[in-house]
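Computation of the quantities below employed the complete heavy-atom set of this structure, encompassing side-chain atoms and omitting hydrogens, waters and symmetry-equivalent molecules. Sequence lines set the chain letters: A, B, ... in the order given, protein chains first and strands last, and positions in each chain run from 1.
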Number of protein chains: 2
Amino acid sequence: MRFATLHDGTRDGKLCIVRSDGARLADASHIARTLQAALDRWDEVEPRLREFDAELENGRVVTDPVVLHHLQAPLPRAYEWIDGSAYLNHARLVRKSRGAELPPEMETDPLVYQGGSGMLLGPAEDIRLPDPLMGLDFEGEMAVILGDVPMGTRADGALSHVLLVTMLNDCTLRNLVSAELAKGFGFFQSKPATAFAPFVATPDELGGAWHDGRAHLQLKIWMNGRVVGDLETGPEMHFSFAQLIEHVAHTRALTSGTILGSGTVSNADTRHGVSCLAERRVLEILSSPDGQPRTPYLRAGDRIAMETFDGQGRSLFGRIEQKVVAG
Amino acid sequence: MRFATLHDGTRDGKLCIVRSDGARLADASHIARTLQAALDRWDEVEPRLREFDAELENGRVVTDPVVLHHLQAPLPRAYEWIDGSAYLNHARLVRKSRGAELPPEMETDPLVYQGGSGMLLGPAEDIRLPDPLMGLDFEGEMAVILGDVPMGTRADGALSHVLLVTMLNDCTLRNLVSAELAKGFGFFQSKPATAFAPFVATPDELGGAWHDGRAHLQLKIWMNGRVVGDLETGPEMHFSFAQLIEHVAHTRALTSGTILGSGTVSNADTRHGVSCLAERRVLEILSSPDGQPRTPYLRAGDRIAMETFDGQGRSLFGRIEQKVVAG
């Protein structure tokens with residue numbers, strides 16, 4: 001099953017089920033008004049949603065075409081948005097550009113940050129850039145949406161709490177990062193609103209591509225219509241979502257609807273390209289004679305697109321298509 | 001007006017209005033089912049809530065006694081919980097104990113962190129401590145709950161977005177803090193669930209004590225029945241809530257129901273005592289011949305209470321009364 005959230009004038013939108021071809025959707029708000037409402041009583045509503053999904057596939061319910069700019073983020077606001085940094089190649093590269101090594105504990109102790117979850121952008125919502133000097137970047141990521149997770153949950157068994165899988169664009173204001181992290185309390189202003197793929201999928205939708213607590217898919221990224229990345233999301237995710245869940249539930253419980261991200265997808269083989277400009281700039285710094293990056297950060301008018309495919313070329317979460325606007 | 005959230009078997013509880021003596025409350029869920037629902041359409045429901053509040057004061061509605069352990073956090077889960085560090089004396093003291101000075105930019109650039117908001121504790125909920133070596137501490141704070149805040153909101157005018165004021169206990173696992181902050185992405189495991197006062201008050205409830213974007217009140221803290229702090233919350237709050245709002249809305253908008261904290265209340269005059277054990281331990285380190293703290297962190301069985309009073313001795317937000325339990 002895949003879900004989307006349709007704008008209906010309310011803050012949290014209306015729950016819809018997406019047809020397997022991704023082209024049409026059906027109003028499912030008679031079963032649960034919103035995605036959060038479905039997640040709040042998942043055990044009870046999941047069977048009814050699955051029945052309705054079967055009717056949808058059999059052409060027995062009214063559908064509407066999927067129109068990207070009619071969709072909100074699947075959860076337009078969430079109770080928690082926690083982002084990992086599970087692709088160590090990303091961290092390794094960033095450090096390499098300043099002559100540093102990856103601290104060895106990063107291989108055993110997951111690094112996460114608490115993101116702002118009150119305003120999440122839909123797949124076609126503009127990215128507002130108050131000042132181009134802030135250095136706007138995109139970051140392509142995988143994410144899961146969790147059910148209720150008790151405090152002290154261990155990795156072994158944690159995957160039963162994964163209710164949905166999706167893709168996101170974790171926008172980052174690169175030029176604000178170092179000063180902000182130097183203050184010691186983590187990201188805040190350097191992480192503007194995160195944008196989400198149009199669809200969230202139950203793990204079974206991924207078939208064999210969902211294993212070892214990882215989504216084994218291809219994440220493709222376009223900047224202004226040109227491919228900048230075509231990455232493998234599975235093998236290089238150093239910590240699985242199960243390990244990340246154990247880490248984030250160590251000292252507190254998590255409520256249903258908590259979003260947990262993988263961090264920027266990154267592959268050591270540079271032929272895969274990048275899922276953020278920062279990495280491309282690091283590669284430029286390392287390879288150019290003057291040690292300077294050539295690729296500028298995003299400017300007003302730039303367009304970013306992301307899509308995730310399985311081995312059969314099926315787009316799992318639909319397409320993020322955002323434009324950067326000034327102000 | 002003051003509100004509380006009554007346990008009713010749902011995740012978000014039931015909205016109640018609290019009578020002015022703080023002893024009884026009335027079900028207001030016919031006006032808005034939950035506090036979040038009221039905040040979502042505040043302009044529309046506030047007048048109706050005020051009418052109902054007047055009827056309550058006139059003894060014309062059914063009331064029930066306020067029973068602390070029947071109450072959830074006013075927002076049992078929130079879309080965002082952002083905590084400042086506005087009492088510079090706290091930061092100054094902590095640094096002094098390790099021979100460091102307060103970085104001068106801390107006087108002009110607010111420091112905030114993004115907290116976990118998915119599971120917020122009610123005023124009488126136990127604090128679970130998985131391991132006493134984690135060094136559990138309390139932190140008494142003031143907080144505001146915001147309406148919708150547009151991105152780029154300036155301090156001048158920001159206070160119109162403050163809908164409610166309250167008090168909270170920002171539990172902290174001190175012995176996890178340094179290793180976690182050294183990782184660079186801020187707090188995560190070192191900040192377990194935050195506990196909230198039973199009542200939230202509209203700013204007018206504070207009368208003259210709400211001015212300059214600060215709550216000018218007395219925060220009293222008891223540990224195992226003995227007063228450990230009796231602090232002034234107003235004058236030493238270096239950044240006002242207006243300044244904190246400008247800071248947190250710099251690069252993104254905030255949704256209605258966002259909780260914004262002041263950080264640990266702290267007074268330079270040590271006769272006021274402390275609102276967290278860390279500060280008391282620092283004072284012990286600085287004054288003892290062996291440079292060692294005497295006060296241990298919290299252990300299972302310890303009890304913490306907090307209450308905030310105005311100049312007339314009225315308890316504004318009711319009483320937090322929590323016990324530490326192992327596990």
Worksheet item: With a 3.5 Å cut-off and no angle check, do the side chains of K191(A) and T172(A) form a donor-acceptor pair?
Response: yes
Worksheet item: R11(A) versus chain B, heavy atoms under 4.5 Å apart: side chain, backbone, both or neither?
Response: side chain
Worksheet item: Is it the side chain or the backbone of D148(B) that comes within 4.5 Å of chain A heavy atoms, both, or neither?
Response: side chain
Discussion item. Applying a heavy-atom distance below 4.5 Å, give me the residues of residues 179-188 of chain A that approach chain B, sorted by number.
Written reply: L181(A), K183(A), G184(A), F185(A), G186(A), F187(A), F188(A)
Worksheet entry | Neighbour count above 12 (heavy atom, 6.0 Å) for R299(A) CZ | no
Worksheet entry | Residues of residues 107-122 of chain A with any heavy atom under 4.5 Å of a heavy atom in chain B | D109(A), P110(A), L111(A), V112(A), Y113(A), Q114(A), G115(A), G116(A), S117(A), G118(A), M119(A)
Practice prompt. Heavy-atom distances under 4.5 Å only: say whether S85(B) touches chain A with side chain, backbone, both or neither.
Written response: side chain
Discussion item. What part of A253(A) gets within 4.5 angstrom of chain B, counting heavy atoms only: side chain, backbone, both, or neither?
Written reply: both
Show which side-chain atoms of residues 149-156 of chain A pair as donor or acceptor with protein atoms under 3.5 Å away, not counting sequence neighbours.
| residue | atom | partner | partner atom | Å |
| --- | --- | --- | --- | --- |
| T153(A) | OG1 | P150(A) | O | 2.6 |
| R154(A) | NE | E246(A) | OE1 | 3.4 |

Discussion item. Non-hydrogen contacts under 4.5 angstrom with chain A: give the residues of residues 127-134 of chain B involved, or none if there are none.
Written reply: R128(B), P130(B), M134(B)
Worksheet entry | Largest heavy-atom contact set with chain B, pairs under 4.5 Å, which of A193(A), A78(A), A249(A) | A78(A)
Worksheet item: Non-hydrogen atoms of chain B under 4.5 Å away: do they reach the side chain of D83(A), the backbone, both or neither?
Response: neither
